[in-house]
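The basis for the numbers below is simple: all heavy atoms, side chains too, and nothing from hydrogens, waters or symmetry mates. The structure presented is a predicted model; accordingly, all values stated were derived computationally and were not measured.
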Amino acid sequence: MKKLAIAAALLAALPLTAVAAQNWLGTVAATDGGHRLGNPQAQTKLIEFVSYTCPHCGRFFKEADGPIKLTLVQPGKVSVEVRHFIRDPVDLTAVVLANCGERSKFFGNHEMFFSRQDQWLGKAQGPSRSQQQRWTSGTVPERLRAIAGDLGFYQMMEGRGYTRAQVDRCLNDQAKIDALVERAQADREAFKVQGTPSFVVNGKLLEGVHQWSELQKALASASR
């Protein structure tokens, strides 16, 4: 009994972090080029270059997001960093809103745009003449607000806890918009990314790898 009491006392004296597993899925950080999820000291560091208006990226998200998070990120084996490949004004609007507000909200916003891509992307691919006019006239913030309104982005962001005023504040921030575009262009050139989705593992672009089945093999090889 005495030994059990001593063991219990020692266990109680340990800090909580010593007995609780690290929640790497809750570890988020902003980087120079995007947002990282997971163990910053992970053996394998994955960068995903994605576009919100890319159907292949949407398919990749649906296939890979769960397995990557549960089997690779949560155990601390792999960290995942999301960077943007901006293809068009609709994509830019989604990028601005994904980065709207506190940095801790990014991954929730990011997941929302991909999980609901089937609902809004069809509207973006068949705009009316009046919508096309609104999307291509006026200042950049005016165009992005028109796109956000026509595609239901305001309602989507409200579901994430944003007010319309907060959404407009992000869409009106020309300096932030310019910074996002410049960062995406710089990354695209630095890593020589030609299309989406594309992946960089431990600093090296994976040539010809654009699907989950292909990336899965590359990550397994990098983790050996």
Side-chain angles (χ1 to χ4, degrees), residues 25-26 28-30 33-37 48-66 68-70 73 80-184 196-197:
L25 288 178
V28 177
H35 293 79
R36 184 185 63 235
L37 179 69
E48 299 177 357
F49 281 94
V50 293
S51 162
Y52 293 119
T53 57
C54 164
H56 298 293
C57 295
R59 188 176 306 116
F60 169 78
F61 174 83
K62 291 176 181 178
E63 293 177 350
D65 188 64
I68 287 177
K69 287 180 178 176
L70 294 177
V73 175
V80 179
E81 182 178 344
V82 173
R83 299 198 187 196
H84 303 295
F85 186 106
I86 301 175
R87 306 192 322 158
D88 51 62
V90 173
D91 197 5
L92 175 58
T93 306
V95 166
V96 171
L97 295 181
N99 287 273
C100 186
E102 299 175 5
R103 293 172 178 174
S104 60
K105 292 188 174 182
F106 171 79
F107 279 100
N109 296 339
H110 170 77
E111 292 165 9
M112 175 190 69
F113 279 107
F114 273 133
S115 65
R116 300 180 65 176
Q117 188 191 63
D118 292 343
Q119 300 174 29
W120 60 264
L121 187 57
K123 299 177 184 178
Q125 293 172 336
S128 66
R129 183 171 298 180
S130 61
Q131 288 175 327
Q132 292 178 10
Q133 179 67 23
R134 289 196 301 275
W135 295 5
T136 57
S137 302
T139 65
V140 171
E142 287 172 341
R143 298 178 189 186
L144 299 192
R145 292 199 306 272
I147 291 171
D150 289 339
L151 299 185
F153 288 173
Y154 282 100
Q155 291 86 347
M156 289 167 60
M157 294 298 286
E158 287 173 2
R160 291 277 302 144
Y162 292 81
T163 65
R164 190 179 184 90
Q166 288 174 319
V167 173
D168 278 338
R169 192 176 304 124
C170 291
L171 294 173
N172 290 334
D173 190 343
Q174 186 66 61
K176 181 67 175 292
I177 294 169
D178 291 342
L180 288 168
V181 171
E182 291 172 6
R183 180 71 264 171
T196 54

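Checked against side-chain hydrogen bond (donor to acceptor under 3.5 Å, both in side chains), Lys62 has the following partners two or more places apart in sequence or in another chain: Asp118. Under the disulfide bond (SG atoms under 2.5 Å apart) criterion, Cys54 pairs with no residue, sequence neighbours left out. Judged as a side-chain hydrogen bond (donor to acceptor under 3.5 Å, both in side chains), and not counting sequence neighbours, the contacts of Asn172 are Arg145. The ring pair (Phe, Tyr, Trp, His ring centres under 6.0 Å) search around Phe106 returns His35, His84, His110, not counting sequence neighbours. Residues meeting the salt bridge (charged side-chain N to carboxylate O under 4.0 Å, His left out) test with Arg183, sequence neighbours left out: Asp187. Partners of Arg160 under the side-chain hydrogen bond (donor to acceptor under 3.5 Å, both in side chains) rule, at least two apart in sequence or in another chain, are Asn109. Under the salt bridge (charged side-chain N to carboxylate O under 4.0 Å, His left out) criterion, Arg134 pairs with Asp150, not counting sequence neighbours. Under the rule for a side-chain contact (heavy atoms from CB on, under 4.5 Å), the partners of Glu63 that lie at least two apart in sequence or sit in another chain are Arg59, Trp212. Partners of Lys69 according to the side-chain hydrogen bond (donor to acceptor under 3.5 Å, both in side chains) rule, which considers only residues two or more places apart in sequence or in another chain, are Asp65, Glu111. Checked against side-chain contact (heavy atoms from CB on, under 4.5 Å), Thr139 has the following partners two or more places apart in sequence or in another chain: Pro141, Glu142. Here Thr163 pairs with Ala165, Gln166 under the side-chain contact (heavy atoms from CB on, under 4.5 Å) rule; sequence neighbours left out.
The distance from the CH2 atom of Trp135 to the OG atom of Ser130 is 10.0 Å, given to the nearest 0.5 Å. How far OG of Ser51 is from NE2 of His56: 11.0 Å, rounded to the nearest 0.5 Å. Separating the CZ atom in Arg116 from the OH atom in Tyr52 is a distance of 14.5 Å, to the nearest 0.5 Å.
The closest donor-acceptor contact from the side chain of Arg143 to the backbone of Pro89 lies at 3.5 Å or more, if one exists at all.
Using a 4.5 Å heavy-atom threshold, the side chains of Phe60 and Thr196 count as separate. Val50 is not listed as a side-chain neighbour of Phe61, based on a closest heavy-atom distance of 4.5 Å or more. Taking the side chain as every heavy atom from C-beta outward, Tyr162 and Lys105 approach each other to under 4.5 Å. Val28 places none of its side-chain heavy atoms less than 4.5 Å from the side chain of Arg103.
Here the closest non-hydrogen pair linking Lys123 and Gln119 is CE-O, 3.9 Å. For Pro55 against Arg87, the heavy-atom pair with the smallest separation is CD-NH2, 4.4 Å. Nearest heavy-atom pair, Gln125 versus Pro127, reported as atom, atom and distance to 0.1 Å: C-CD, 3.4 Å.
Applying the ring pair (Phe, Tyr, Trp, His ring centres under 6.0 Å) definition to pairs two or more places apart or across chains, those involving residues 136-156 are Phe113-Phe153, Trp120-Phe153.
Results of the side chain to side chain contact (heavy atoms under 4.5 Å, CB included) test with Val96 over Leu171, Ile147, Asp91, Ile86 single out Leu171 as the only residue that passes. Of the candidates Val167, Leu92, Leu144, Val167 is the only one forming a side chain to side chain contact (heavy atoms under 4.5 Å, CB included) with Leu97.
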